[in-house]
Chemist: 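My structure is below; once you've seen it, I'll send some questions.
Each chain gets a letter, A, B and so on, in the order the sequences are listed, and its residues count up from 1. Bear in mind the structure is a predicted one, so any value in this text is a computation, not a measurement.
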There are 2 protein chains.
Amino acid sequence: MIIMNNRLKKLHKWMLEKNIDSTIISSTENVFYLTGFHCNPHERLLALIVYKNADPIIIVPKMEEKSVISTGWSYDIIAYDDTENPWDKVKNRFHSINCIGIEKTSLNVSKYEEIQRISKSDTFINVEEILNELRLIKDSEEISIMRDAAHLADIGVEIGISAITKGKSELQIISIIESELKLRGVQKMSFDTMVLAGPNSAEPHGVPSLNKICDGDLVLFDLGVIHKGYCSDISRTVAFKSISEKQREIYDTVLQAQLKAIEISNPGTLIKDVDLAARDHIKSFGLGEYFTHRVGHGLGILIHEYPSMHSLNEGVLKEGMVFTIEPGIYIPDVGGVRIEDDIVITPTGNEVLTKFTKELLIIK
Amino acid sequence: MIIMNNRLKKLHKWMLEKNIDSTIISSTENVFYLTGFHCNPHERLLALIVYKNADPIIIVPKMEEKSVISTGWSYDIIAYDDTENPWDKVKNRFHSINCIGIEKTSLNVSKYEEIQRISKSDTFINVEEILNELRLIKDSEEISIMRDAAHLADIGVEIGISAITKGKSELQIISIIESELKLRGVQKMSFDTMVLAGPNSAEPHGVPSLNKICDGDLVLFDLGVIHKGYCSDISRTVAFKSISEKQREIYDTVLQAQLKAIEISNPGTLIKDVDLAARDHIKSFGLGEYFTHRVGHGLGILIHEYPSMHSLNEGVLKEGMVFTIEPGIYIPDVGGVRIEDDIVITPTGNEVLTKFTKELLIIK
């Protein structure tokens with residue numbers, strides 16, 4: 001609770017600096033980050049309103065009121081039912097509010113127009129600037145949670161690899177992974193679990209199917225869990241029964257590329273250099289055209305956060321940043337290999353949170 | 001100009017009537033509805049642009065280009081990589097575009113500002129009006145898919161109820177349901193499966209846990225699948241080992257309320273009357289305060305669509321509308337009961353798509 005208060009305090013301080021009268025936060029993730037209250041209201045409105053000169057308030061659907069209270073929220077709660085316009089219930093709190101902070105990439109135009117209607121304001125500042133900056137650097141409590149989330153991802157991969165047998169389908173293996181993780185208390189995966197075998201592994205956006213795993217297939221796993229509100233994300237690739245020379249070459253190339261990118265991920269490293277460390281290695285084997293995506297992405301409350309680990313990002317790695325490093329090579333008729341870990345930048349280097357082996361496994 | 005399908009033609013006709021020069025569709029669901037191309041681009045841009053006086057185009061991340069082609073899209077595709085601003089790639093197509101159609105509840109402010117930047121337009125019309133109207137009435141192909149989706153939901157409930165045994169937890173039963181459905185080819189549930197037992201069943205937004213099911217618990221199931229892009233949604237409640245008199249009373253009350261609401265769901269019925277049919281019945285037993293939500297919601301590509309089945313909706317039911325009817329009573333220390341079916345309005349009445357029994361089951 002003291003941590004939550006600190007986050008709101010930092011936002012409030014930024015508002016003072018920017019002379020923002022009121023900030024309206026309506027994304028599930030930022031309300032959670034700032035208050036500890038997690039709620040996906042679907043098409044209904046959830047909003048945390050922070051004022052320069054007054055106490056914050058939360059607007060929630062009536063059925064969520066108790067949940068807000070149970071998180072320890074000690075300020076006003078505006079609860080509304082499906083027949084009410086929640087904006088009208090806070091209209092009187094927008095007198096002499098001129099400059100408003102909003103989340104430009106999550107606020108929709110319809111809510112934006114409602115805010116314009118009740119406030120008469122025409123000055124809107126994107127508060128994602130400060131919220132992304134705050135969320136970019138994880139504190140020790142967040143890192144500890146993400147370490148546990150990564151451990152559960154390791155377990156997921158281990159379960160999946162152990163479950164591979166002749167005749168099993170991609171979807172069957174996914175169901176085993178997810179059901180075993182549920183028994184360990186995992187309530188939600190951080191995205192749709194991917195198990196892609198054979199030709200499907202060469203599709204960066206392949207869809208798992210009832211197709212059975214065959215001898216000589218590469219089997220690509222990509223999965224993660226949500227643990228106490230934070231995501232993990234791991235990829236491993238194994239061979240089934242046998243491996244061709246070409247498949248072994250792409251495995252080794254991806255692994256070396258990934259290790260090089262991890263090795264240079266230290267405080268002060270340019271983010272683009274992390275991407276390029278992996279990309280240049282893959283290019284040096286003439287396989288650059290098959291590495292079709294950025295080397296990784298930031299990780300936290302959302303599965304895709306800042307920093308974006310691409311080759312044009314001039315930003316610098318700092319202590320507390322958490323991100324994935326996941327180079328891949330996808331060659332039609334040969335298969336795909338991706339190896340992905342979650343990394344946190346430490347004062348002196350980095351810690352790899354996901355620990356499942358990256359040795360080439362040939363499942364017999 | 002030949003526009004490729006009836007749905008795009010209807011949108012184009014509406015644009016002519018409203019004198020809209022260009023419509024920008026960026027929601028996954030409406031792009032899917034209009035083109036058959038399903039893509040969740042996360043933070044990246046996906047957009048279908050329909051012009052009054054030119055062929056439509058699709059903007060997609062480069063890695064999705066092949067998928068668009070594979071759906072049979074025969075117009076221009078603008079593919080971009082992570083280092084490009086996709087809006088700049090279509091800027092030259094926005095000369096002399098004055099009035100622009102957008103999706104106000106799904107377009108975010110950031111994209112809205114990009115559209116304003118490249119177009120210089122200041123007239124924006126909400127095209128959700130027509131898209132919701134089109135999607136509100138399902139055609140025979142959509143209904144056929146939704147019938148199959150509902151059948152898979154029936155199977156899910158059957159699996160879940162068969163899996164209840166002493167000592168099993170809510171999460172264990174969910175894992176059995178989801179893994180069995182995966183083996184039947186279900187790739188995605190339409191929302192997080194709910195199995196809520198005992199006190200948890202009385203929480204409308206309860207979270208499944210590792211708590212074990214106990215004698216005398218009500219066990220509430222709420223689940224659905226996505227099948228060929230369309231959602232199903234079913235709720236059933238059973239008792240474990242025994243049932244108290246009060247629990248039986250709320251079960252019977254919910255069931256009768258649900259049957260009354262279904263009975264009057266015919267072409268021409270006011271939507272509010274469907275809600276009130278259930279609500280008045282529950283109120284007549286003095287339990288109105290425990291029925292804390294609307295009676296149902298529209299169903300289709302999204303789990304929550306129009307029509308919203310609440311007590312103030314003056315709209316009228318029409319052939320082809322698909323929605324849920326799901327009254328519930330939730331009493332702390334007694335438990336919760338919800339019974340939910342998916343309904344389609346037919347020329348002469350309705351068809352209940354979910355068919356799992358609603359008789360009170362006491363699982364021994």
Chemist: Do A:Ile24 and A:Glu103 come close enough that some side-chain heavy atom pair is under 4.5 Å?
Modeler: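 When only atoms from C-beta onward are counted, A:Glu103 and A:Ile24 do not touch, as no gap falls below 4.5 Å.
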Chemist: Among A:Thr105, A:Leu312, A:Asn313, A:Leu302, who wins on heavy-atom pairs under 4.5 Å with chain B?
Modeler: A:Thr105
Chemist: Between CD1 of B:Ile20 and OG of B:Ser121, what distance do you get to the nearest 0.5 Å?
Modeler: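 One gets 10.5 Å once the value is rounded to the nearest 0.5 Å.
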Chemist: Counting only non-hydrogen atoms closer than 4.5 Å, can you tell me which residues of residues 172-183 of chain A sit against chain B?
Modeler: A:Gln172, A:Ile174, A:Ser175, A:Glu178, A:Ser179, A:Lys182, A:Leu183
Chemist: Can you confirm whether B:Thr324 sits close enough to B:His297 that some side-chain heavy atom of one is under 4.5 Å from a side-chain heavy atom of the other?
Modeler: yes
Chemist: So how far is it from B:Asp222 CG to B:Ser235 OG, rounded to the nearest 0.5 Å?
Modeler: 3.0 Å
Chemist: May I ask you to name which of A:Glu64, A:Lys62, A:Lys66 has the most heavy-atom pairs under 4.5 Å with chain B?
Modeler: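 Most heavy-atom pairs within the cutoff with chain B belong to A:Glu64.
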Chemist: Working note: A:Ile115 + A:Ile102, criterion side-chain contact (heavy atoms from CB on, under 4.5 Å); need CA distance, chi angles, decisive distance, verdict.
Modeler: CA-CA 10 Å; A:Ile115 294 169; A:Ile102 58 172; 4.3 Å; yes
Chemist: Once you measure the plane-to-plane angle for B:His293 and B:Tyr330, does it fall in the parallel (<30°), tilted (30-60°) or perpendicular (>60°) bin?
Modeler: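 Tilted: the ring planes of B:His293 and B:Tyr330 meet at 30° to 60°.
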Chemist: Looking at A:Gly101 and A:Val127, what are the two nearest heavy atoms and their distance?
Modeler: CA-CG1, 3.5 Å
Chemist: Given heavy-atom pairs under 4.5 angstrom as the criterion, report whether the side chain, backbone, both or neither of A:Leu171 touches chain B.
Modeler: both
Chemist: Heavy atoms only, distances under 4.5 angstrom: which of B:Arg294, B:His42, B:Glu128 has the most pairs with chain A? Name it, please.
Modeler: B:Arg294
Chemist: Going by side-chain contact (heavy atoms from CB on, under 4.5 Å), name the residues that satisfy it together with B:Asn85, two or more places apart in sequence or in a different chain.
Modeler: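 In terms of side-chain contact (heavy atoms from CB on, under 4.5 Å), with neighbours along the sequence ignored, B:Asn85 is linked to B:Trp87, B:Asp88, B:Glu114, B:Arg117.
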Chemist: Give me the contact list for residues 187-194 of chain A versus chain B, heavy atoms only, anything under 4.5 Å, ordered by residue number.
Modeler: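 A:Gln187, A:Lys188, A:Asp192 fall under the 4.5 Å cut-off.
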Chemist: Does the side chain of B:Val295 come within less than 4.5 Å of B:His310's, by heavy atoms?
Modeler: no
Chemist: Kindly compute the distance separating OG (A:Ser209) from CG (A:Leu196), expressed to the nearest 0.5 Å.
Modeler: 8.5 Å
Chemist: Considering residues at least two apart in sequence or located in another chain, which fulfil the side-chain contact (heavy atoms from CB on, under 4.5 Å) criterion with A:Tyr306?
Modeler: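 Listed in chain order: A:Asn132, A:Leu136.
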